[in-house]
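Below, chain A is the first sequence line, B the second, and so on; all start at residue 1. Basis for what follows: all heavy atoms, side chains included, without hydrogens, waters or symmetry-related copies.
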Amino acid sequence: MLRLLLTRLLRLLPVTWGIVSVFFLLSRALPDDQLLARAIESQLDTGSRAITAPQRQALELQLRRRLGLDKPVFYFSIQRSATGGQSHWRWHGLRNQYHLWWLDVVRGELGRSYRDNKPVASLLIETLRFTLPFTAAAAFLAIGAALWLSLWMTRHSRWRSYLLTILYSLDALPLFVVALVLLYLLANPDMLALFPVYGFDNPEPTDTWLANVGSYLHHLALPVFSLVLITLPGLVTQLDASLQHELQTAYAVTARAKGLAFRQVVRHHTLRNALLPVVALVTDLLPAMVAGAVVVEVIFALPGMGRLLADAAAARDYPVLQGSVLLIASVRLLSHIVADGLYWQLDPRLRSQL
Amino acid sequence: MLRIAKFIFILFIITECIACSGPKKHSGTIRIRWAQDPETLDPLAMANIYADEGLNLLHTSLLAFDNPKGQLIPWLASKTPVVRYKDSLTLITYTLRDGATWDNGQPVQAHDVAFTLKAMNCPGLPNEGIKVRLDFIRDIQFDPHDSRRFTLVCKGKSPDYIRESGNFFILPEYALDKVGTLRPISLTYLQHSDTVTLARNPVLSAFVSRYQAADLAHHPDRLPGCGPYQLEQWQSGQFLRFRRKSNWWATQLRPFPIQLAAHPKAIEYRIIPNPGTSLLALREGTLDVYPLIPAKDFNSLRASASARQKLNFYTHPSYEIVTLGFNTKQPLLEDRLTRQALSHLLNIPGLIQATEYGLAERTVGLISKRSRPYYNDSLPLLSYDPAQTVVLLQKAGWLRQADGNWFRRTVNGAAQKLAFTINYRANDPLFEQIGLQFQNAAKAIGIAINLKPTESSLLSARLREGSYDVYIRTIAGNPFIFNFAPILHTASIGVLNYTRFGTANSDKLIEAISAEADQKRKVLLLRKFQLLLQQESPLVPLFFLPYRLVASNQIANLQPSGIKPGYEVKAIITQPAHNSQ
Amino acid sequence: MSFSSYFSNRRKLVALGWLAFLLLVAALADWLPLPYAPGDSDLTHLSEPPFTALAASRHWLGTDPLGRDLLAGLVFGARTTLIISIPAALLAVGVGILLGSAAGFWGNTSLRVSLGHCFGVGGLLLTGFLSIFRLWPAPELAWPLTATSFALVSLLATRHVELLQRVTLTFPVDQLVMSAIALLESIPRLILVLVIASVQESSVFTLLLVLSLTYWTGPARLIRAEVMRIRALPYIEAVRATGLTNMSILIYHVLPNASRSVRTAFPLSIAALIGLETTLSFLGIGLPTEIASWGRLMATARLDSAAWWLIVEPGLLLLGTMLALRQLARPDEHTGK
């Protein structure tokens with residue numbers, strides 16, 4: 001078991017490397033004008049000073065040199081001439097952005113953000129500190145609620161189709177609608193002002209420890225709730241479908257026939273098997289915890305990973321993007337291992353294959 | 001799993017009861033909504049308007065703008081500078097305000113200005129933008145008798161030099177260059193040597209590494225300015241809190257210059273990206289000022305009686321103008337008749353009514369009516385008149401075919417079909433509304449227009465390269481200078497002249513305007529320019545956007561203005577709640 | 001016929017009826033007597049609530065914040081749903097089933113491929129890539145090179161080179177598919193979409209491609225898990241003993257039992273894909289703005305949070321479609337008894 005785990009973990013390394021490399025090359029293929037415009041053109045508009053195209057190029061070169069973007073992207077490049085199908089292959093050697101970035105990564109350096117000059121590693125850690133509590137709470141609550149709801153539905157089959165329809169309608173709504181409805185209903189001075197509108201309040205020094213935690217959770221309640229609502233339909237429908245299926249299998253029928261209570265049959269016999277297809281969905285929540293949820297973060301003004309990624313992608317903040325893709329890709333690959341481990345736990349027959 | 005979930009759920013319920021406390025009272029801290037993090041408070045970088053606003057609390061420049069009055073006023077300079085001309089040079093002499101000191105008690109001196117200019121020109125620092133903005137300053141001369149007097153030597157002549165030369169933050173030399181290692185290095189040397197030579201200079205590289213080690217982006221306190229505030233706390237993506245210095249030098253000045261007033265004890269900028277959330281926070285009372293509020297939210301808020309009791313509403317016409325621009329190098333749009341014809345398809349009054357609730361200022365050119373003598377009031381406003389479009393199109397050689405489309409033959413015999421794409425920044429409802437209206441009007445007379453919202457990096461690349469047909473965007477202007485070279489001069493093609501417009505004639509006119517100091521002649525030139533713009537119509541000015549501002553009625557004296565951020569934060573005073581509406 | 005199966009069939013009929021209605025509306029959209037076209041912006045009636053229309057304005061179901069008629073939007077949005085969202089969902093599920101089942105069935109060790117085939121397929125992919133993007137070092141060599149490599153590839157892949165046939169490699173299908181999934185799911189969507197858009201001009205085909213390319217990973221993971229489970233069941237061992245090829249075991253014996261989770265997820269994926277399509281359209285990569293879609297109608301609610309009708313009306317249609325698809329996709333659990 002341990003050896004298996006170790007080999008699986010070792011196998012992660014080349015895959016992570018591959019994913020980040022593909023991402024690196026893809027992201028560098030996009031125009032990065034916004035990056036330059038922020039530094040140069042934000043100061044130049046009507047009424048200001050005019051610069052000529054060569055002047056701008058010189059500035060652009062200077063900026064690229066400062067950011068390390070003046071070097072070639074990869075070991076070689078292919079330039080296609082505009083006129084014909086002629087392409088020109090060129091070798092650039094080791095002094096290229098890709099090589100240098102990996103050298104830094106191996107040394108444990110992820111670079112600094114182009115936008116705010118913070119070291120990427122500490123930026124990611126700081127952001128995760130805000131993201132993980134609410135995404136993790138949402139994930140646990142969603143799984144718990146999904147289990148409870150689907151077990152409840154096995155006993156109240158009359159309500160089942162109504163509940164499923166409700167879940168379907170929940171799923172038909174875009175996430176921003178769910179979040180906004182919660183916000184406008186539960187944090188509105190005109191409706192119910194049960195929750196604070198945004199963000200965590202600045203912790204005030206006089207507050208006690210308990211009140212701090214209280215205010216923290218109080219602020220997180222709505223974002224967590226909207227994430228739970230958005231995750232539920234997928235989980236419950238899937239769990240319900242497999243529970244319904246398992247309850248009709250021969251072993252469940254036998255178990256009932258030998259006089260076990262329905263509840264017992266469900267909890268001890270069918271649930272374990274029914275969980276198997278859901279594992280893929282549940283383990284998918286793990287990388288989602290790290291990646292955050294941009295819509296919820298924007299609406300509830302949380303400084304999370306989703307917002308960080310979206311802003312970095314829009315501004316072409318390459319160091320931050322590469323760092324977070326590295327992080328998310330590794331967590332995602334880990335989640336695959338976790339999923340396989342869970343399959344192993346739930347269905348011993350699978351052990352021969354993994 | 002069920003148990004963990006239950007535990008978390010119960011935890012939420014319990015804390016709910018603990019945390020339920022009433023709304024807090026106004027503490028004298030002004031809380032302002034920002035849509036986005038300022039990202040860096042490095043005084044050389046200035047990444048976005050929020051950073052600019054924050055830096056204005058920390059640092060001071062020689063001159064400042066009195067936004068409501070639209071005037072230039074002395075700030076760190078004791079009075080407006082003395083300007084002399086010598087050969088091809090402009091010499092601008094400033095005297096720093098007596099009594100201005102840094103946080104360590106040392107006076108602000110001419111050497112600090114010299115240090116700032118050198119830092120701006122030192123390669124390897126995040127100064128690309130500011131460097132190009134101030135590259136006309138070639139040297140600084142000190143007054144041997146007065147350490148507060150200095151003269152900026154500027155290349156060439158321009159009436160804008162006064163404003164520009166006073167518009168940068170003065171940085172303290174002692175914080176990063178205690179022993180004055182940069183003093184022997186001249187500004188000319190920095191501006192005229194190539195980067196390789198500069199990179200080899202040990203003094204400069206030591207300075208660059210000191211600068212970088214200070215990590216000023218997030219630690220502005222390591223280069224403290226002589227402004228009234230200091231940064232107290234900054235949670236990225238959440239809030240920034242500035243606090244007034246307890247012993248700020250200007251408070252000792254007698255008589256006290258009004259423009260230096262800094263009323264709020266503390267200013268807190270709350271970063272709330274979503275407009276709806278900001279609106280709720282404003283109503284809840286956890287926010288005092290919501291600047292640049294969308295028109296729809298502004299009006300729905302004003303319609304609510306309960307909101308009116310707690311809030312004050314302000315509007316002010318701005319200098320930000322919405323334009324629709326043509327790529328004048330596109331074969332379809334290269335003749336002015338076609339461009340003129342198409343501009344009559346814009347229903348500008350209808351758009352103003354729909355998007356700004358009727359509150360926007362129309363214009364004939366890029367100059368606002370508020371810049372009275374310069375505005376060419378003899379020109380007619382653009383009319384919404386599809387019939388006129390048809391007439392003009394026919395004049396331009398277009399013929400409507402039986403299938404409803406417009407065709408014409410070019411000089412070399414190729415057939416052209418009148419159909420094109422409009423690019424605008426993605427996710428902007430204003431631009432989308434304008435595009436839709438234009439598309440609808442064009443469709444009615446047989447012109448097929450494709451709307452293409454474009455991601456901003458992609459858009460600015462396409463605009464710069466000229467690979468587009470028509471754009472919609474806003475151009476930020478200001479009431480002080482009329483230099484249209486950046487957006488309409490041929491030398492700016494490939495930079496900011498997105499329309500690629502320019503003739504020898506227009507270039508000459510634009511140059512003459514920016515060089516003209518005499519007001520009467522300037523009026524004539526600018527009127528001529530507006531006429532030219534309307535005739536050539538490389539871009540169609542639609543309207544000046546109004547800036548809207550909503551603030552709690554517990555604060556007053558916001559001095560709303562038409563220049564971003566749209567209010568004067570240092571002037572805000574708290575007052576007992578009353579309803580001014 | 002038992003009562004329950006009759007009931008289930010009647011539900012299916014209703015579901016079919018709903019989809020047929022949508023299809024009819026979508027097909028006849030151009031000829032329906034609608035007062036407005038979907039792209040028409042009525043500047044004088046922005047955000048008008050439904051059923052308040054005076055005879056003069058005739059926006060029976062209201063308008064969105066940009067003044068577009070909601071009725072027209074819903075009718076033409078049905079067309080978009082039928083042309084884009086449902087096919088994209090089917091395509092994504094198809095690709096997901098293909099790759100996911102291959103990954104689950106062969107795992108990392110079971111598929112052995114001869115060296116010849118490896119070279120063959122690898123060479124083909126490389127030549128294909130270079131030819132499609134016209135990246136050959138010299139254009140005049142492109143055709144001769146393509147032809148030679150094609151000949152070489154066919155030679156390698158056939159049984160002519162004995163050695164290459166005898167040496168076999170295990171082909172880690174599972175590893176590859178899971179890596180591809182991780183790749184697609186880890187890259188920020190904005191970057192991925194912009195890259196595709198910069199290679200391909202935006203069109204219905206590109207949109208289908210982008211949608212299914214980003215969405216197949218979910219169904220693939222679901223089906224992989226199911227196939228892995230079923231493969232370990234005793235009856236597959238029994239089938240194996242009959243000497244059937246792997247392919248036919250997978251298709252005839254594994255997949256029919258493994259599709260339940262995907263079928264359950266399918267109706268929900270429509271909503272997700274409509275959301276995705278909306279995001280793309282806002283970036284100018286999806287459909288042209290004058291083509292209406294339910295997702296975009298709902299998204300305009302961002303501009304006017306009081307306009308409940310922007311959510312409710314398209315939301316109900318979407319819900320109806322999802323429920324109909326659920327009825328059609330759901331395994332007939334009742335008929336077996």
Side-chain angles (χ1 to χ4, degrees), chain A residues 11 15 18-19 22-23 26-27 29-31 78 80 84-89 164-165 168-169 171-177 180 184 233-234 237-238 240-242 244-245 248 276-277 279-281 284 287 309-310 312-314 321 324-325 328-329 332-333 336 339 343 347 349-350 352-354, chain C residues 107 109-110 133-139 142 175 178-179 181-183 185-192 194-195 198 218 221-222 224-226 228-229 231-233 260-261 263-265 267-268 271-272 274-275 278 295 298-299 301-302 305 311 315-316 318-319 322-323 326 330-331 333 336-337:
Chain A
R11 246 194 277 161
V15 180
I19 289 174
V22 169
F23 171 73
L26 284 184
S27 64
L30 292 174
I78 311 168
R80 216 175 336 167
Q86 174 100 31
S87 359
H88 194 67
W89 292 61
L164 282 178
T165 310
Y168 268 80
S169 24
D171 191 72
L173 297 177
L175 174 54
F176 85 91
V177 173
L180 277 183
Y184 285 128
T237 47
Q238 206 57 256
D240 171 69
S242 56
Q244 293 296 326
H245 175 81
Q248 287 162 26
L276 208 69
V279 164
L281 293 179
D284 195 37
L309 258 177
L321 278 177
S324 23
V325 168
I328 293 171
R332 193 168 282 283
L333 290 166
H336 290 169
Y343 292 141
D347 195 342
R349 284 173 299 198
L350 288 178
S352 58
Q353 305 172 26
L354 289 168
Chain C
T109 47
S110 308
F133 293 98
R134 288 182 286 128
L135 294 178
W136 291 107
Q175 176 89 10
M178 292 315 274
S179 308
I181 290 176
L183 172 72
E185 290 184 342
S186 303
I187 292 184
R189 183 90 16 112
L190 178 71
I191 299 285
L192 188 67
L194 286 179
V195 166
S198 66
R221 270 185 294 119
L222 284 176
R224 169 180 174 267
E226 286 283 277
M228 261 170 32
R229 184 178 68 90
R231 190 176 68 138
L233 292 179
R260 191 187 61 242
S261 52
R263 286 206 245 170
T264 316
L268 294 180
I274 283 183
T278 310
M298 285 203 255
R302 264 175 208 269
S305 44
I311 297 299
L316 280 178
L318 178 57
L319 177 63
M322 281 163 61
L323 290 176
R326 173 177 156 231
R330 129 209 193 120
E333 49 204 35
K337 284 206 273 185

If I measure from the heavy atoms of chain A, does [X] come under 4.5 Å with its side chain, its backbone, both, or neither?
X: L268(C); answer: both
X: L194(C); answer: both
X: R302(C); answer: both

Top of [options] for chain A proximity - count of heavy-atom pairs under 4.5 angstrom:
options: A299(C), S305(C), S261(C); answer: S261(C)
options: R221(C), M298(C), R189(C), Q175(C); answer: R221(C)
options: G275(C), P188(C), G315(C), A265(C); answer: P188(C)

- Non-hydrogen atoms of I19(A) and S179(C) that approach each other most closely: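 Closest approach of I19(A) to S179(C), heavy atoms only: CD1-O, 4.1 Å.
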So how far is it from [X] [atom1] to [Y] [atom2], rounded to the nearest 0.5 Å?
X: S169(A); Y: L316(C); atom1: OG; atom2: CG; answer: 8.5 Å
X: L26(A); Y: L183(C); atom1: CG; atom2: CG; answer: 7.5 Å
X: L323(C); Y: L164(A); atom1: CG; atom2: CG; answer: 9.5 Å
X: S27(A); Y: I191(C); atom1: OG; atom2: CD1; answer: 6.0 Å
X: I328(A); Y: I187(C); atom1: CD1; atom2: CD1; answer: 11.0 Å
X: L318(C); Y: Y168(A); atom1: CG; atom2: OH; answer: 11.5 Å

- Measure distances from A29(A) to the heavy atoms of chain C and classify the residue's part below 4.5 Å as side chain, backbone, both or neither.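 Neither part.
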- Message: Please classify the contact of T165(A) with chain C as side chain, backbone, both or neither, using a heavy-atom distance under 4.5 Å.
- Response: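 Both backbone and side chain.
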Given the options [options], which has more heavy-atom pairs under 4.5 Å with chain C than any of the others?
options: L175(A), T237(A), D240(A); result: T237(A)
options: S242(A), P31(A), G234(A); result: S242(A)
options: A313(A), A314(A), P174(A), A310(A); result: A313(A)
options: L276(A), L309(A), L180(A); result: L276(A)
options: V279(A), L30(A), V325(A); result: L30(A)

- Looking at Y343(A), does the NZ or CZ of R229(C) lie under 6.0 angstrom from its six-membered ring centre and within 45 degrees of the ring axis?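 No cation-pi geometry.
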- Item | Donor-acceptor under 3.5 Å (R332(A) side chain, A182(C) main chain) |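 Here the side-chain-to-backbone pair does not exist.
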State, yes or no, whether a side-chain contact exists between [X] and [Y] at a heavy-atom distance under 4.5 Å.
X: M178(C); Y: V15(A); answer: no
X: F23(A); Y: S186(C); answer: no
X: P287(A); Y: E185(C); answer: no
X: D171(A); Y: M322(C); answer: yes

